[in-house]
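Lettering of chains follows the sequences in order, A, B, ..., and the numbering in each one begins at 1. Both backbone and side-chain heavy atoms feed into the values below; hydrogens, waters and symmetry mates do not.
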2 protein chains.
Amino acid sequence: MNGNGNGTGNRNGRAAGASGVNLLALRSHNGALVLDLLRTAGAAGISRLELADRTGLTPQAVSKIIARLRTDGLVTEAGYRASTGGKPRTVLRLVPDAGHAVGLHLDRDALTAVVCDLTGAVVGERRAPLHLGAGADAVVESAAQEVEGLLAEGDAPLLGVGVALPGPLDHLHGVLHRVTGFPEWEGFPLRAALARRLRTPVVVDKDTNAAALRLAVALATHGSFAYIHLGTGLGAGLVFGGAVHRGARTRAGEFGHQVIQLDGPLCGCGNRGCIEALCLAAVARGDVDEAARVLGAGAANLVGLLDIELVLLGGRTVEEQPDVFVRGVGAMLDEWARLQGEEPYVPVRVASGGSLGVAEGAAQLLLAPLFGRADG
Amino acid sequence: MNGNGNGTGNRNGRAAGASGVNLLALRSHNGALVLDLLRTAGAAGISRLELADRTGLTPQAVSKIIARLRTDGLVTEAGYRASTGGKPRTVLRLVPDAGHAVGLHLDRDALTAVVCDLTGAVVGERRAPLHLGAGADAVVESAAQEVEGLLAEGDAPLLGVGVALPGPLDHLHGVLHRVTGFPEWEGFPLRAALARRLRTPVVVDKDTNAAALRLAVALATHGSFAYIHLGTGLGAGLVFGGAVHRGARTRAGEFGHQVIQLDGPLCGCGNRGCIEALCLAAVARGDVDEAARVLGAGAANLVGLLDIELVLLGGRTVEEQPDVFVRGVGAMLDEWARLQGEEPYVPVRVASGGSLGVAEGAAQLLLAPLFGRADG
DNA sequence: CCACTTAAGCAACGCTGTTGCCAAAGTGCA
DNA sequence: TGCACTTTGGCAACAGCGTTGCTTAAGTGG
């Protein structure tokens, strides 16, 4: 897709530390950068000179990069800007249909599948009931059939399939750990199984990470934020420098089992005083304010520890009473900021997304790398 | 120092998002990579072919890079390896005296200054009493005099001065926030003041970040760890991907004021249930086991949230009874791992370092960028 | 002594972004 | 209408990057 394939061009992909960069990698980096700016510009488009200004590259370099991207069919010229006293700028736009990716959201009881174009827009959608407990092979088969149904028309080239699902898993190898309540999934190589079945690249990640990735792409941020998801469980996706932080074993984000009440009430995980236990208990007894307060304390911990810029809230429970949570969490962050004696104003917002958010994020697992958003 | 100056070579350093890469940046990246491997190899040295293998670059590219570095005086040939059936490999070594950096540790009651060579080894050292409350100008002046005394011999080119001190501060601009107990420092532009006085580049950072940076460099890791410092206060330095994580406003690492006991005892910061409050109280009443347990709970939170690979403990209180803390924290991490049902073994160790650790880290604020360890 | 192996440099090359220059396409004033 | 000016963007030449192909250097081992 990007000319000479997938990038680094190094002889060995195994270099332990940081690895050397050659001209192919440089080309691919700058190309991705330009593509990302084109994507961000959306329908409004962007001119060569603006691209040069934003990337720090010379106009001539941008012209060459654009010429390559046009040859590859990723970019087109689309009209002209108004003149500012000279030749008017040429508007450039991403070609949305130059590539598609499928996003698959496997939840406990439902499956959602979307096809997204290069801009991340949903161009196709399917939903189906799902029983995660039905066994790995059955689930893989029905997921594969949904994907095939979605791709029936078969127009744009398919980059691959991203799968998002709950619970700890190994993102690098695409192997599940024990999905809470479904022990039969432990150790199942979902990525390999689905890739073999569909004969296409597959990437697997946690649902919270997928949601966070979608938000990072949608916000076009290279900064940091935390996406906190409160539904049947409590988890978080962390974004630093515009990339999802997955950690050494891709298990980061276990926000729900942060202990916030030493020797507190027992949690399902076996520990005591986890945020999730306190929060869900408060929700269960109808005390949403207290749930928001607990969540806010956890969010303040995040902000203090990691110095993130933004907190986004999502999940079924939050969506039921968004104002209560935004206010409650916001109040805790403001109080924390006040105690710090400074004005490190960290906004709290509800994450846009809706019911397709996670599936869109799953598709972004394949789209985002094209735009230089590395796998973290 | 590195040929054409400091790197990126872009026309503007202000690009908001990720920025474009040109050939100078590529050259500087690969050069830094090679230098880092040479530094890591230490006195044993490393051959061109090993460098090629480790970087993923071709042997010829490495030969060219080494030729440049030799011309710049950063690298020398130093003997030969035993033959393995052909021409023996040429051993290459970093030239330690190609550059020096000063590290300054300003503590509440003492000043420690070191000069380090390129390998990070201490080649000069001075200590002096210090009264942080004596006022900014007086402290800057006495610090400057210590630095000048240390550099009297004036041999190797000086890269600059790194300053590490407690309390929140703005690393990017080198401006202090309110140092606990010394309100007169709030807003003082330490970096600018010292740079003007000494006419040399100055970098300012928190003491915990400096200590963490020294450890990252010493361990030569590109992975992740947390350095937890327990002395008169409690703080942490976080390292992801071999780089110190400072966060959006360079205030990350406020580990001590993570709330771990909702509505717990009042902390000096005004909040309730901070780890620091619980931990210091336990230490004060002689219950070191409990202090270790609290610290361990906090460390488990870190590991769960960020999926780091290693926990390092340091600071005066830890050094007094290292075994108690290592065992206590380790027990909490093991228990946490057991509850996860997996074997994500996260080792706990005492951070080597001694009384010069922070000052050495301060020097690394200037040395590390030469070896590709960006300011993160 | 000679075949073989391994290390490292020389020369040519393809490709990168950059520089210098020029054509295209507007505006604005006389 | 004409001309000076501004701005955009491409063409051509270039320096410099890592790569490739080959040669030279310097060992081992029969």
[N] OP1/OP2 closer than 4.0 Å to side-chain N/O of [X]:
X	N	value
R70(A)	dG10(D)	no
S47(B)	dA7(C)	no
R81(B)	dA26(D)	no
R48(B)	dA7(C)	no
T90(B)	dA8(C)	yes

Separation of [N] [atom2] from [X] [atom1] (nearest whole Å):
X	N	atom1	atom2	result
L92(A)	dG10(D)	CG	C1'	14 Å
L26(B)	dC15(C)	CG	P	16 Å
D53(A)	dT7(D)	CG	C1'	14 Å
L49(B)	dT6(C)	CG	C1'	8 Å
E77(A)	dG9(D)	CD	P	8 Å
H29(B)	dG16(D)	NE2	C1'	17 Å
L24(B)	dC14(D)	CG	P	20 Å
Y80(B)	dA25(D)	OH	P	14 Å

- Message: Just by distance, no angles: are the side chains of S224(B) and E309(B) close enough, under 3.5 Å, to form a donor-acceptor pair?
- Response: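 Side chains of S224(B) and E309(B): pair found under 3.5 Å.
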- Message: If only side-chain N and O atoms count, and only distance matters, is there a donor-acceptor pair under 3.5 Å linking S47(B) with E50(B)?
- Response: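 Note: E50(B) and S47(B) side chains meet the donor-acceptor criterion.
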- Item | N22(B) vs T58(A) side-chain heavy atoms within contact, under 4.5 Å |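 The answer is no, as the side chains (C-beta and beyond) never meet within the 4.5 Å cut-off.
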- Message: Side chains of S19(B) and H222(A), heavy atoms from C-beta outward: is any pair under 4.5 Å?
- Response: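 The answer is no, as the side chains (C-beta and beyond) never meet within the 4.5 Å cut-off.
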[X], nearest nucleotide to its side chain (from [options]):
X	options	result
S63(B)	dT20(D), dA15(D), dA8(C)	dA8(C)
T58(B)	dA8(C), dT20(D), dG9(D)	dT20(D)
Q60(B)	dT18(C), dA7(C), dA11(C)	dA11(C)
L23(A)	dG18(D), dT8(D), dT19(D)	dG18(D)
A61(A)	dT8(D), dT18(C), dA8(C)	dT18(C)
N22(A)	dA7(C), dG18(D), dT18(C)	dG18(D)

- Item | Upstream residue (5' side of DNA chain C) when P88(A) and V62(A) are each assigned their closest nucleotide |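 Result: V62(A).
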- Query: Salt bridge between R251(A) and D170(A), side-chain N to carboxylate O under 4.0 Å?
  - Reply: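 Result for this pair is no, no salt bridge flagged.
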- Item | Backbone of R191(A) reached by a side-chain donor or acceptor of R196(A) within 3.5 Å |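 No; zero donor-acceptor contacts below 3.5 Å.
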- Map R89(A) and K64(B) onto DNA chain D by nearest heavy atom, then report which one ends up closer to the 5' terminus.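 Final value for this comparison: R89(A).
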